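Okay, so here's the structure we're looking at.
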Amino acid sequence: MPELPEVETIVNQLRSKIKSKMIISLEDFDSSMVDTRIKDILPVKIENVFRRGKSIIIELNNGHYLLTHLRMTGYFQHFNKNYSKEPFLVAKFGLNDGSVLAHYSIRKFGSIKLVSSNELEVVLSKLGVEPLSKQFTLEHFNELLLKKQKSVIKSFLMDQSLIAGIGNIYAIEVLYLSGIDPQRKIISFSSPEIKKLYNQIKKVLQLAVEKKGSTVDNYVHVEGSGGYQNLLTVYGKKVCPKGHEVKKINLGGRGTYYCPECQR
DNA sequence: AAGGCAGCCTGTAAGC
DNA sequence: TGCTTACAGGCTGCCT
């Protein structure tokens, strides 16, 4: 749910709100999701906030990092004043300017870990290329595909160790816009199809970042809702933009929408 | 080795 | 009407 565009949006907004501030307290936290050692290093200054794949990384000035993953239902809120405790609160960080950074999670799948730079490096090294970076070239995409000839294309797109940041919704949307059936094996792809797919990955993610993500179910970024949900073609739809009936199947354990007419 | 899938969790929607 | 079941989904870890 929060995929690359949503996480990118959250990170940009968090950076503008909390960078250079001090965390002075941690309260009301759920120790099953939040690393309790964070309390031991307070107060600590926030040097920066950045994203890698779907992870949010808060860089501290003591050489450590807060590594956060929202999974499906996690979100952050920042309160300059008028903070009030709401359901699903996982952690409440008090900052030195009197503001509050609150982290919530309905399904409690996420986590906030305290890691050293070495530990961070180990985690991040398992992630694949950033699809919006200049490292993600058509040549690189071809190399990845070549290694996974037997894989189903949708599973490939969602494999974080190959390309970092694409989840169920954007995989579905990219495949529709590329005219490719999500069940197809990579070995069957022609080079024009690969090029089209490559271009759509960049285009869809870039546009979704500009729209501040998609608000589906309970995703909200720090300042409100996204706008890309209005551009979705087949995800959660009954009919595709050309008026064909959309089919829903289970692929790799995930609900997968596609148009059998438009996608071959 | 690598692919497949249960489990984690809880709210919502569908089904009986 | 009210209970039960299915589903949503990213990722880890276990199993084959």
Side-chain angles (χ1 to χ4, degrees), chain A residues 1-11 29-35 51-57 66-76 86-91 103-113 115 119-120 122-131 143-175 182-188 201 205 208 213-221 226 228-229 232 234-238 246-258:
Chain A
M1 197 127 336
E3 303 178 28
L4 187 153
E6 290 77 28
V7 177
E8 178 74 17
T9 301
I10 290 165
V11 161
F29 60 95
D30 182 335
S31 57
S32 69
M33 300 174 64
V34 181
D35 196 324
R51 179 190 65 75
R52 178 77 172 88
K54 299 173 196 168
S55 289
I56 297 171
I57 298 135
L66 297 183
L67 176 59
T68 302
H69 202 298
L70 302 172
R71 292 293 207 277
M72 278 89 61
T73 61
Y75 62 100
F76 280 101
E86 288 170 37
F88 317 121
L89 181 69
V90 168
H103 176 60
Y104 304 86
S105 183
I106 296 171
R107 288 175 221 172
K108 298 189 177 183
F109 280 13
S111 60
I112 302 181
K113 292 175 186 160
V115 295
E119 290 166 332
L120 182 70
V122 169
V123 174
L124 300 190
S125 68
K126 292 175 184 163
L127 294 173
V129 66
E130 284 291 332
E143 286 166 22
L144 293 174
L145 288 164
L146 209 55
K147 285 198 292 187
K148 293 281 174 180
Q149 293 281 294
K150 287 173 288 184
S151 298
V152 170
I153 188 60
K154 179 159 177 270
S155 305
F156 169 91
L157 292 175
M158 292 174 66
D159 186 335
Q160 302 302 301
S161 71
L162 302 171
I163 301 171
I166 302 175
N168 199 39
I169 295 175
Y170 293 105
I172 287 170
E173 290 299 306
V174 164
L175 287 166
Q183 303 164 95
R184 268 180 59 194
K185 295 268 172 65
I186 290 168
I187 198 161
S188 71
I201 290 170
L205 293 176
S214 304
T215 295
V216 178
D217 288 342
N218 46 37
Y219 162 76
V220 282
H221 54 67
Y228 193 81
Q229 68 277 7
L232 295 176
V234 285
Y235 178 84
K237 307 286 185 189
K238 294 224 175 331
V246 169
K247 201 171 167 187
K248 188 185 180 193
I249 58 169
N250 190 300
L251 202 55
R254 306 245 161 63
T256 302
Y257 297 84
Y258 75 107

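Here is how names work: the chains are called A, B, and so on, in the same order as the sequence lines, proteins then strands, and each is numbered from 1. Not measured: the values here are computed from a predicted model.
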NA contact type, [X], heavy-atom cut-off 4.0 Å: base, sugar-phosphate, or nothing?
X: A/Lys54; result: sugar-phosphate
X: A/Gly255; result: sugar-phosphate
X: A/Lys147; result: nothing

Notebook entry, point to check: If you round to the nearest 0.5 Å, how far is CG of A/Leu251 from CE of A/Met158?
Noted result: 9.0 Å
Side-chain N or O of [X] closer than 4.0 Å to phosphate OP1/OP2 of [N]:
X: A/Tyr235; N: C/dG9; value: yes
X: A/His69; N: C/dG10; value: no
X: A/Gln160; N: C/dC11; value: yes
X: A/Lys108; N: B/dC8; value: no

Note to self: On DNA chain B, does the nearest nucleotide to A/Val152 precede the nearest nucleotide to A/Arg254 from the 5' side, or the other way round? Give the residue.
What the structure shows: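 It is A/Val152, whose closest nucleotide lies nearer the 5' terminus.
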Checklist line | Proximal nucleotide (of B/dG3, B/dG11, C/dG10) relative to the A/Ile106 side chain | finding: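 The listed nucleotide nearest to A/Ile106's side chain is B/dG11.
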Check: Which nucleotide in the set C/dG9, C/dC11, B/dG11 lies at the smallest distance from any side-chain heavy atom of A/Phe88?
Finding: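 Nearest to the side chain of A/Phe88 among the choices is B/dG11.
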Next item on the list: Calculate the interatomic distance between A/Lys148 atom NZ and B/dA2 atom P; express it in whole Å.
Entry: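 Atom-to-atom, A/Lys148 to B/dA2, this comes out as 7 Å.
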Margin query: With a 3.5 Å distance limit and no angle check, can you tell me whether A/Glu130 reaches the backbone of A/Gly53 through a side-chain donor-acceptor pair?
Written below: yes
Checklist line | A/Met33 versus A/Gly110, closest heavy-atom pair with distance | finding: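 The pair with the smallest heavy-atom distance is CE-O, 3.3 Å.
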Margin query: Between A/Tyr228 and A/Pro5, is there a side-chain heavy-atom distance shorter than 4.5 Å?
Written below: no
Margin query: Check this for me: does the side-chain of A/Arg107 come within 3.5 Å of the base of C/dG9 through a donor and an acceptor?
Written below: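 Per atom types, the contact qualifies.
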Notebook entry, point to check: Does B/dC9 have A/Phe109 stacked on its base, where the ring centres are within less than 5.5 Å and the planes differ by under 30°?
Noted result: no
